[in-house]
Amino acid sequence: MNFYIGNSLDDIKFDDYNIDFSDDLLQYMYNHRKQISEDSNALFEVDPYSDTLLSYENVKEINNICSLFIETGIIENYDDYDEGIEMINNLLQITKLAILNKKGLIVIGD
């Protein structure tokens with residue numbers, strides 16, 4: 001799935017900056033979500049096979065979730081740690097850009 005900055009599907013220009021995020025990593029994070037103290041489901045409500053609009057508030061929650069997965073070391077047990085940490089850092093980068101621009105995210109599923 002790919003994450004783009006925007007508030008509606010009309011905002012997407014497919015050559016705009018976006019990040020690719022693995023369905024397997026999302027599943028890993030979902031399976032380990034109870035190990036973090038963040039009480040948010042914003043990231044885990046994304047359907048990896050459909051298009052999803054995430055509000056500005058959801059973006060802030062996703063930023064917190066990603067930070068916690070790194071800070072707590074939970075990501076260290078992911079099968080492909082290097083790929084996992086790179087994808088989470090990329091997601092952190094796009095969430096920070098969205099927050100800076102007071103925008104949401106659009107997720108385009110596979």
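Distance OG/Ser67 to CD1/Ile36: 10.0 Å, rounded to 0.5 Å. Note: Asn63 CG to Leu43 CG = 11.5 Å, rounded to the nearest 0.5 Å. Interatomic distance, OH of Tyr28 versus CG of Asp24, reported as 12.5 Å (0.5 Å rounding). Remark: Ile19 CD1 to Asn90 CG distance equals 6.0 Å, nearest 0.5 Å.
Taking each heavy atom of Ala98 and Gly104 in turn, the nearest pair found is CB-O, 4.0 Å. Scanning both residues, Lys102 and Asn7, for their nearest heavy atoms gives O-ND2, 4.5 Å. Looking at every heavy atom in both residues, Ile88 comes nearest to Ile70 through CG2-CD1, 3.5 Å. Shortest non-hydrogen contact noted between Ile106 and Ser8 is CD1-O, 2.8 Å. Shortest non-hydrogen contact noted between Asp23 and Pro48 is OD1-CB, 3.5 Å. Here the closest non-hydrogen pair linking Tyr56 and Lys103 is CD1-O, 3.6 Å.
Partners of Tyr30 according to the side-chain contact (heavy atoms from CB on, under 4.5 Å) rule, which considers only residues two or more places apart in sequence or in another chain, are Gln27, Arg33, Phe44. For Asn2, the side-chain contact (heavy atoms from CB on, under 4.5 Å) partners at least two apart in sequence or on another chain are Tyr4, Asn18, Asp20. Applying the side-chain hydrogen bond (donor to acceptor under 3.5 Å, both in side chains) rule to Ser55 yields the partners Asn58; only residues at least two apart in sequence or on another chain are considered.
Considering only heavy atoms from C-beta on, Met1 stays 4.5 Å or farther from Tyr49 through its side chain. Thr95 is not listed as a side-chain neighbour of Phe3, based on a closest heavy-atom distance of 4.5 Å or more. The side-chain heavy atoms of Leu105 and Leu53, taken from C-beta on, include no pair separated by under 4.5 Å.
Pairs of residues two or more places apart, or lying in two chains, that qualify as salt bridge (charged side-chain N to carboxylate O under 4.0 Å, His left out) and include a residue from residues 44-60 are Glu57-Lys60. For residues 91-100, no pair satisfies salt bridge (charged side-chain N to carboxylate O under 4.0 Å, His left out), with sequence neighbours left out.
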Identify all side-chain donor-acceptor contacts of residues 71-80 below 3.5 Å with residues at least two apart in sequence or on another chain.
unit_1: Thr72; atom_1: OG1; unit_2: Leu68; atom_2: O; d: 2.6
unit_1: Tyr78; atom_1: OH; unit_2: Leu25; atom_2: N; d: 3.4
unit_1: Asp80; atom_1: OD1; unit_2: Glu83; atom_2: N; d: 3.3

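Listed for the Asn101 side chain is a donor-acceptor partner under 3.5 Å among the backbone atoms of Leu97.
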